[in-house]
Enquirer: 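Here it is, the structure, as structure tokens.
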Protein chains: 2
Amino acid sequence: MRSASDDLTTRARIRDAAVARFGQQGFAGTSLRQIAEDAGVSAALILHHFQSKEGLREACDAHVVRTFLSENEQMTGADASRLMRDALNSVEDRGAALDYLSRMLVDDSPASDNLFDAFLAGTRTMLREQIAAGIMREQTDVEATAVYLTLYGLGPVILRRHLARAFGESTLTTSLVERSTIPVLELFTHGLYADERLLTAAKEALSPSNREAK
Amino acid sequence: MRSASDDLTTRARIRDAAVARFGQQGFAGTSLRQIAEDAGVSAALILHHFQSKEGLREACDAHVVRTFLSENEQMTGADASRLMRDALNSVEDRGAALDYLSRMLVDDSPASDNLFDAFLAGTRTMLREQIAAGIMREQTDVEATAVYLTLYGLGPVILRRHLARAFGESTLTTSLVERSTIPVLELFTHGLYADERLLTAAKEALSPSNREAK
DNA sequence: CGCGACGCTAAACAAGCGTTTAGTCTGCTG
DNA sequence: CAGCAGACTAAACGCTTGTTTAGCGTCGCG
């Protein structure tokens, strides 16, 4: 299986090997010699192509960001359930990049910020479109809702190992996605609370204090 | 401010310094000499107390798990909004442990699994209680709902840097929590979708295939 | 053909790592 | 007071790290 390795540029092969290793073991936990062996080259060649280990990281960051950004663009306009399905389907072969992404998002790096902001922008656009189309409800603070929807979307991805474990699987499978669909849609269709008591209570509790929104 | 450092056992001081460093830079990215300097001891003393760097990690794991577990227990029985408020309030001083927790959850370690399972168990109990009390709605798959609620709860915590950034703050502040309350409660009270179209469509699409639940 | 450019490697480099060793100091116990 | 036990350190150990250096082979261009 899995080709797309022999016909790649040496540079690209090194980069892919690095993404895989960094995703599995973290940046500091991976040595250039490990990556070199995976890519079938010498350690010195990595530095010939990327100047330094840090340079290699930047190239990996940029590559992973590019991957998910183009994927993200394609999705704008799709509804949330298709989005979820597509996202989980693309997991199977893109596992390495997802590992890398997870570590990136918990670290603080400029690339991490760019990536999150791009996800947020995608979610915001999608949310606005769906509200305008009457598919989703109006929200009192669309921006804040977009932020939390982005976080809720990324949570299962970053913690997908635990998601799979909780469902008795070792990885994200089709059956897991199928079992997830109804409960998640239920949550976002009927809500979790049986009535409006908590919401109205919170509204009253917050009413005298802050009124400007910015 | 911040005392609780001079009066601690040397062992505890080392452990706390390690949690802070591991949380900020990761396990592989932190040297024993760094931790030793932070704790005001020699590197050799760390090994005298913890046998090896790996032993130190295990002690840190156990300590962080213990911290969040006791916190988790106290919360069982509280409603979700109080839970959210408490969680975000406890962030300010427990920042180091939270950084550590985030890295733990994306890594694969037995301690990470234990911790997640404990969170999941807490969420499950809370969900069942609230449903029984009529505060939350019945769910077709309570277990799956509990899993996703746990993931949705952890997402904003793990990605709290991005959460803060998206709200124009540099850290989780009171005003951020206040601005979050209504949108989140709204989401979990009314849901996101305007009608049941998507849910019923999904139900129909999935009806012929799997009927046993496990 | 000659020759620089480029992809690439082997070997060596200093620095830093986790860990070991040997030893000092202090406080308790007999 | 002798002596053991435990907290603690300085120095050294061997090894791995990222990086440098020098050089090999093979193209394409004049």
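Just so we're on the same page: letters track the sequence lines, and every chain starts at 1.
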Enquirer: With the threshold set at 4.0 Å, does a side-chain nitrogen-carboxylate oxygen contact exist between A:Asp107 and A:Arg57?
Expert: yes
Enquirer: For A:Leu47 and C:dT9, what is the distance between atoms CG and C1' respectively, to the nearest whole Å?
Expert: 13 Å
Enquirer: Atom CD of B:Glu37 to atom P of D:dA10: distance rounded to whole Å?
Expert: 12 Å
Enquirer: Within the side chain of B:Arg103, is there an N or O that forms a donor-acceptor pair under 3.5 Å with the backbone of B:Gln24?
Expert: yes
Enquirer: Could you tell me whether B:Arg13 and B:Asp38 have a side-chain N and a carboxylate O separated by less than 4.0 Å?
Expert: no
Enquirer: Kindly assign one of parallel, tilted or perpendicular to the pair B:Phe167 and A:Tyr148, based on the angle between their ring planes and the thresholds 30° and 60°.
Expert: perpendicular
Enquirer: Are there any protein N/O atoms within less than 3.5 Å of an N/O atom in nucleotides 3-7 of chain C, and if so, which ones and at what distance?
Expert:
none

Enquirer: Rounded to the nearest angstrom, tell me the gap between atom CZ in B:Phe27 and atom P in C:dG18.
Expert: 8 Å
Enquirer: Rounded to the nearest Å, what distance is computed from the CD1 atom of residue A:Ile14 to the P atom of nucleotide C:dT9?
Expert: 8 Å
Enquirer: Nearest of D:dT9, D:dT19, D:dT21 to any side-chain atom of B:Ser42?
Expert: D:dT9
Enquirer: Do the ring planes of B:Tyr152 and A:Phe188 sit parallel (below 30°), tilted (30 to 60°) or perpendicular (above 60°)?
Expert: tilted
Enquirer: Write down the distance between CD1 (B:Ile46) and P (D:dA7), rounded to a whole number of angstrom.
Expert: 15 Å
Enquirer: Would you call the rings of A:Tyr100 and A:Phe22 parallel, tilted or perpendicular if under 30° counts as parallel and over 60° as perpendicular?
Expert: tilted
Enquirer: Counting only heavy atoms from other residues, nucleotides and ligands, does the tally under 6.0 Å from CD of A:Glu169 exceed 12?
Expert: yes
Enquirer: Send over the distance from B:Gln51 CD to D:dA7 P, rounded to a whole Å.
Expert: 12 Å
Enquirer: Please tabulate, one pair per line, each protein N/O and nucleotide N/O from nucleotides 15-17 of chain C that are separated by under 3.5 Å, including the distance.
Expert:
from: C:dC17; atom 1: OP1; to: B:Ser31; atom 2: OG; distance (Å): 3.1

Enquirer: Does the side chain of B:Leu149 come within less than 4.5 Å of A:Leu192's, by heavy atoms?
Expert: yes
